[in-house]
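One structure is given here, and the rest of the page talks about it.
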Amino acid sequence: MTRATNVEGMGGFKDIRYAEEALSARSYGAALLAAAQADPRIVCLGADLSQPTETAAFRDTLPDRFFMMGIQEANMIGAAGGMARSGDIPFCHSFCVFVTRRVYDQVAMQVAYPKLPVKIVGFIPGLATELGVSHQAIDDLSLMRSLPNMAVIEPSGPEQVGAAVAEALAYDGPVYLRLAISRGKGEDTTRLQPFKLAAAQLLREGVDVAILAIGGMVAEAMQAADRLAAQGVLATVANMASLKPLDAGLVRDLAGRHRLLVTVENHSVIGGLGSAVAEVLADAGAGVRLVRIGVRDEFAEGGTTAYLWDKYGLSAPRIAERVSAALRNG
Amino acid sequence: MTRTNKPLEDLTAQAARLRAHVVRMVARVRVGYLLQGLGAADLFAALYFDELNLDPADPAWPERDRFILSTAHNTALLYATFAERGLIAVEALETYTRDGSPLEVNASERMGPIVEATCGSLGQGLSVALGMALSLRRRGSEARVYVVLGDGELQEGQVWEAALSASSHGLDNLCLIIDRNYLQVEGHTDKVVVMDPIDAKFAAFGWNTTLIDGNDMGQIIEALDQARRVRGMPSAIVAQTRPGAGVPFLEGQMAHVAVISQEDANRALAHLEPAA
């Protein structure tokens with residue numbers, strides 16, 4: 001007996017149709033709309049948050065393919081499973097906490113187990129908002145990474161979001177896409193970053209320490225590397241946007257040529273990037289030291305991003321201090 | 001592939017054949033849901049042998065009516081129905097709940113497309129069904145979506161999210177059948193959570209609602225007919241079923257899990273298969 005997902009009309013898809021415009025978009029909303037205009041199977045599901053999940057343009061441009069599900073995340077995920085089984089490619093939107101922790105069983109049973117092409121898109125990753133602990137996703141990467149079949153992607157920013165959307169579409173299965181609200185808008189001139197599942201991007205080559213960062217922490221890590229360079233410390237920096245599948249080859253390679261590895265994530269140090277890297281190192285028997293920077297097994301509080309990142313050790317200066325101290329004590 | 005409009009006696013006889021399978025399956029492995037299977041057999045006979053538009057030779061036919069058993073553990077009955085309808089081999093029933101068999105206690109899509117979604121984590125089936133109904137409607141399909149929920153399952157909050165959502169989207173291609181047998185693990189549902197009046201609740205949520213005797217084939221067929229004609233709103237059929245129905249010495253027993261001796265199974269089969 002065959003798995004249902006491989007049967008026509010039961011979800012699953014083989015041919016990918018996405019627009020070039022999606023790849024070069026510098027906001028999630030623009031990338032999704034361009035992709036949807038190229039592929040009529042794409043539908044957009046919202047949970048009352050069109051503006052903050054960048055889906056208002058989709059709602060207004062393709063109203064027949066936009067489904068407002070209300071403040072009903074569990075129902076939205078179940079419905080997305082039903083739509084995917086009927087041939088659609090649903091993108092589901094809310095804040096990170098509400099499309100992961102709140103609906104974990106629904107995602108496991110109606111999306112991950114049947115390996116349906118449902119793309120789960122969360123905004124407000126980690127510590128980022130004055131809204132407080134209810135809206136701070138510090139365990140979403142851990143939760144989604146543990147689900148079989150689920151790919152987990154956190155692009156570094158607007159420069160990588162278009163490529164991440166295209167790759168999420170190309171993966172014939174469920175994806176968790178963890179996003180920060182695009183800030184740069186049209187005037188962003190940062191060079192576009194490629195994205196491929198299971199492939200990290202080396203952004204800077206050093207010799208003393210390798211910093212592996214994800215999401216908004218990539219920019220902080222790059223700034224931390226500048227600070228370290230001023231002290232004579234040469235840091236390698238890698239963008240680990242594909243958390244699952246992880247670029248294990250690159251991790252082993254970096255472990256072989258640095259005496260210290262540092263992971264940086266806007267997430268708990270339990271279960272996310274730090275854990276994923278530790279698993280690769282342990283499996284490989286690598287003896288390299290690993291420092292995991294992230295939220296240290298505690299709940300945080302509401303505040304501005306800058307305040308929170310500094311207080312919880314995620315800002316560039318705090319990262320540089322931590323790396324310096326680790327090198328001194330190593 | 002079309003609705004049959006079979007005589008009621010034929011459907012009732014079909015339900016008796018389903019019941020006989022249920023008794024044999026549960027007696028053989030001493031696992032599975034006996035009383036609930038007997039109780040819902042008339043609903044399954046009406047759905048699979050009259051109402052559902054499907055093609056056993058092409059179970060993934062895109063225009064098929066969808067059926068989801070959200071209470072995914074009532075599988076002695078479900079698999080018996082599959083076998084009688086020609087969707088699986090009758091001999092496969094002998095592997096029910098055996099190690100390695102795809103005929104698990106909770107139906108999963110290891111069975112292939114005849115299990116439209118893997119439920120069993122209670123409360124999720126109605127959301128999946130409404131997603132299918134949304135998707136079928138947007139592509140102009142005539143196919144309908146049927147979903148059976150247990151009454152205990154109505155205690156899950158997600159059911160009521162979906163109930164609001166389905167009427168809000170005006171999904172007249174969605175038909176919910178609630179298997180109201182007053183039975184859950186802890187005992188009588190009223191001892192756990194009082195849920196009556198269920199029909200009034202769904203009506204208040206914007207559904208076309210009918211309360212029927214779920215062991216009366218005439219009432220079942222009439223309710224399904226009426227649901228199919230309604231436009232602009234989803235339909236909920238609250239079917240009051242009797243656990244153990246069809247086997248006099250089991251009827252009305254209230255046990256979530258009941259095992260049956262081979263001797264009692266033979267007595268039950270004597271009622272269900274008088275010609276044998």
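Numbered from 1 within each chain, the chains take letters A, B, ... in sequence-line order.
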For chain B, which residues of residues 65-74 of chain A have at least one non-hydrogen atom nearer than 4.5 Å to it? A/Arg65, A/Phe67, A/Met68, A/Met69, A/Gln72, A/Glu73, A/Ala74

Residues of residues 46-53 of chain A contacting chain B, heavy-atom criterion under 4.5 Å, by residue number: none

With a 3.5 Å distance limit and no angle check, can you tell me whether A/Gln110 reaches the backbone of B/Thr118 through a side-chain donor-acceptor pair? yes

If we ignore hydrogens and angles and just use 3.5 Å, is the side chain of A/Arg85 paired with the main-chain N or O of B/Met132 as donor and acceptor? no

Residues in side chain to side chain donor-acceptor pair (under 3.5 Å) contact with A/His93, at least two apart in sequence or another chain: A/Tyr28

May I ask you to name which of B/Ser165, B/Ala129, B/Gly125 has the most heavy-atom pairs under 4.5 Å with chain A? B/Ser165

Within this structure, what is the [atom1]-[atom2] distance for the pair [X] and [Y], rounded to the nearest 0.5 Å?
{"X": "B/Leu130", "Y": "A/Asn75", "atom1": "CG", "atom2": "CG", "answer": "5.0 Å"}
{"X": "A/Arg41", "Y": "B/Ser135", "atom1": "CZ", "atom2": "OG", "answer": "12.0 Å"}
{"X": "A/Ser86", "Y": "B/Arg137", "atom1": "OG", "atom2": "CZ", "answer": "13.0 Å"}
{"X": "A/Gln106", "Y": "B/Ser121", "atom1": "CD", "atom2": "OG", "answer": "6.5 Å"}

Whether over 12 other heavy atoms sit under 6.0 Å from A/Arg102 CZ: no

Just wondering, are more than 12 heavy atoms of other shown residues or ligands nearer than 6.0 Å to CD in B/Glu186? no

For B/Ala133, which residues count as a side-chain contact (heavy atoms from CB on, under 4.5 Å) partner, sequence neighbours excluded? B/Val145, B/Leu171, B/Asn173, B/Leu174

